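Notes for the one structure printed next.
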Protein chains: 2
Amino acid sequence: MAKKTVDKSIITEEDLYDLADLFKAFSDTTRIKLLYALMEGELCVAELVEKTGATQSAVSHQLRGLKQMDLIRCRKEGKQVIYFLADDHVHTILQMGMDHVKE
Amino acid sequence: MAKKTVDKSIITEEDLYDLADLFKAFSDTTRIKLLYALMEGELCVAELVEKTGATQSAVSHQLRGLKQMDLIRCRKEGKQVIYFLADDHVHTILQMGMDHVKE
DNA sequence: TGAACATATGAATATCTGTTCATATGTTAG
DNA sequence: CTAACATATGAACAGATATTCATATGTTCA
């Protein structure tokens with residue numbers, strides 16, 4: 001009865017918008033790099049800047065977007081802000097996407 | 001040994017671009033509607049126009065994009081062109097995304 | 001062949017999105 | 001308190017993207 005699959009009949013117009021937004025979060029290279037980096041563990045902004053090769057500003061802007069979507073969270077630690085993935089879902093979605101890309 | 005997961009060490013810069021492109025395909029409401037409609041079975045363009053509420057032209061343009069990404073395929077049947085999902089991956093990705101959206 | 005229908009295409013436009021630059025905020029150490 | 005550092009933010013700009021409008025292509029049927 002309590003199956004994990006979604007009942008198609010109750011998918012609203014708004015759900016489709018949310019769904020598009022979710023995938024939009026994964027649709028940019030900088031964001032993908034950020035998420036991929038965070039898959040290996042939490043990192044501060046400076047480290048993310050290094051790993052992505054993007055500007056500190058660009059990274060910060062993108063982190064904000066990802067945080068708003070609750071794909072990542074953060075905590076302060078002194079001067080630094082440490083970011084980490086919000087949950088396993090991100091991991092799963094990325095993995096699945098990568099499986100598809102890799103055929 | 002032959003696990004389904006992807007070895008992180010062999011993920012290239014190009015893979016990340018492909019991955020972003022894949023998710024980009026799912027990041028627009030019109031395209032999501034198209035794909036969702038096709039999850040229930042193949043449909044001709046006119047039916048897709050009806051289901052999505054978008055213009056015939058808009059639908060046609062988006063179908064082209066989805067086809068180029070090989071997310072959908074089509075066959076001709078008289079005057080009509082019948083579209084259908086290319087494989088189960090699309091189904092799975094959409095399902096997983098929806099599961100996330102629905103919490 | 002020509003009319004009616006189904007779909008595709010190209011150019012133009014308006015909107016959205018990501019980056020950059022400059023600067024603000026907040027934190028620690030001296 | 002101030003200098004040095006870490007991160008965030010806002011405005012401006014450039015490039016990408018989705019839609020529309022007009023029209024082209026292709027198919028069937030009379």
Side-chain angles (χ1 to χ4, degrees), chain A residues 13 16-38 41-85, chain B residues 13-14 16-38 41-86:
Chain A
E13 183 79 19
L16 292 179
Y17 274 91
D18 291 345
L19 191 51
D21 281 342
L22 173 67
F23 287 123
K24 204 173 295 175
F26 294 86
S27 73
D28 170 77
T29 332
T30 301
R31 286 193 295 272
I32 291 258
K33 285 180 188 168
L34 289 171
L35 294 171
Y36 240 91
L38 292 174
E42 43 180 47
L43 294 168
C44 73
V45 177
E47 291 168 318
L48 289 168
V49 167
E50 237 212 282
K51 296 234 178 197
T52 58
T55 309
Q56 182 273 316
S57 182
V59 167
S60 194
H61 279 299
Q62 297 297 4
L63 286 173
R64 182 149 63 95
L66 292 172
K67 199 175 149 203
Q68 272 170 188
M69 296 237 29
D70 196 37
L71 294 178
I72 62 177
R73 296 189 186 145
C74 65
R75 70 164 188 283
K76 277 196 168 170
E77 203 156 282
K79 292 186 228 179
Q80 311 193 118
V81 180
I82 314 289
Y83 283 88
F84 50 92
L85 296 184
Chain B
E13 184 80 5
E14 223 209 301
L16 293 180
Y17 274 91
D18 291 345
L19 192 52
D21 280 344
L22 173 66
F23 287 123
K24 203 173 294 173
F26 294 86
S27 71
D28 171 77
T29 331
T30 301
R31 284 193 296 271
I32 288 265
K33 284 180 188 168
L34 289 171
L35 293 171
Y36 237 89
L38 292 174
E42 43 181 46
L43 294 168
C44 72
V45 177
E47 290 168 319
L48 289 167
V49 167
E50 238 211 282
K51 296 236 178 194
T52 58
T55 310
Q56 183 272 316
S57 182
V59 167
S60 195
H61 279 299
Q62 297 297 4
L63 286 173
R64 182 150 62 96
L66 293 171
K67 198 176 150 204
Q68 271 170 188
M69 296 235 32
D70 197 36
L71 294 177
I72 62 177
R73 297 190 186 145
C74 66
R75 68 164 189 282
K76 277 198 167 169
E77 202 156 281
K79 292 186 229 179
Q80 310 193 118
V81 179
I82 314 291
Y83 282 88
F84 50 93
L85 296 184

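Everything quoted here is computed from the prediction, not taken from an experiment. Only heavy atoms go into these numbers, but all of them, side chains included; no hydrogens, no water, no symmetry mates. So that the names make sense, note that chain A is the first sequence line, chain B the second, and so on, each numbered from 1.
The CG atom of A:Leu48 sits 13 Å away from the C1' atom of D:dA6 (whole-angstrom rounding). D:dA18 atom C1' lies 18 Å from atom CZ of B:Phe26, rounded to whole Å.
Residues from residues 16-24 of chain A that place a heavy atom under 4.0 Å from any atom of DNA chain C, listed by number: A:Lys24. Residues from residues 56-66 of chain A that place a heavy atom under 4.0 Å from any atom of DNA chain C, listed by number: A:Ser57, A:Ala58, A:His61, A:Gln62.
Taking only side-chain nitrogens and oxygens, A:Thr55 comes nearer than 4.0 Å to OP1 or OP2 of C:dT20. Between A:Arg31 and C:dT17, a side-chain N or O to OP1/OP2 separation shorter than 4.0 Å is absent. The phosphate of D:dA6 has neither OP1 nor OP2 within less than 4.0 Å of any side-chain N or O from A:Tyr83.
Residues meeting the salt bridge (charged side-chain N to carboxylate O under 4.0 Å, His left out) test with A:Glu42, sequence neighbours left out: A:Arg75. Listed by chain and number, the residues in a salt bridge (charged side-chain N to carboxylate O under 4.0 Å, His left out) with B:Asp18 amount to none (sequence neighbours excluded).
Scanning both residues, B:Ala25 and B:Met69, for their nearest heavy atoms gives CB-SD, 4.1 Å. Here the shortest heavy-atom pairing between A:Ser27 and B:Lys24 reads O-CE, 3.3 Å. Nearest heavy-atom pair across B:Leu38 and B:Tyr83 is CD2-O, 3.4 Å. Of all the heavy atoms in B:Asp70 and B:Ala86, the pair that sits closest is O-CB, 3.2 Å.
Under the 3.5 Å distance criterion, the side-chain polar atoms of B:Glu47 are matched with a main-chain donor or acceptor of B:Cys44.
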| said: Between A:Phe26 and A:Leu35, is the side chain to side chain contact (heavy atoms under 4.5 Å, CB included) condition met? List the steps. | reply: CA-CA 9 Å; A:Phe26 294 86; A:Leu35 294 171; 3.7 Å; yes
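At most 12 non-hydrogen atoms from other residues, nucleotides or ligands lie less than 6.0 angstrom from OH of A:Tyr17.
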Contacts under 3.5 angstrom, residues 52-64 of chain A side chains, donor-acceptor by atom type, not counting sequence neighbours:
from    : atom 1 : to      : atom 2 : distance (Å)
A:Thr52 : OG1    : A:Leu48 : O      : 2.8
A:Thr52 : OG1    : A:Val49 : O      : 3.3
A:Thr52 : OG1    : A:Ala54 : N      : 3.2
A:Gln62 : OE1    : A:Arg31 : NH1    : 3.0

| said: Does the protein touch nucleotides 24-30 of chain C at the base, only the backbone, or not at all? Give it as B, S and - per nucleotide, heavy atoms under 4.0 Å. | reply: --SBS--
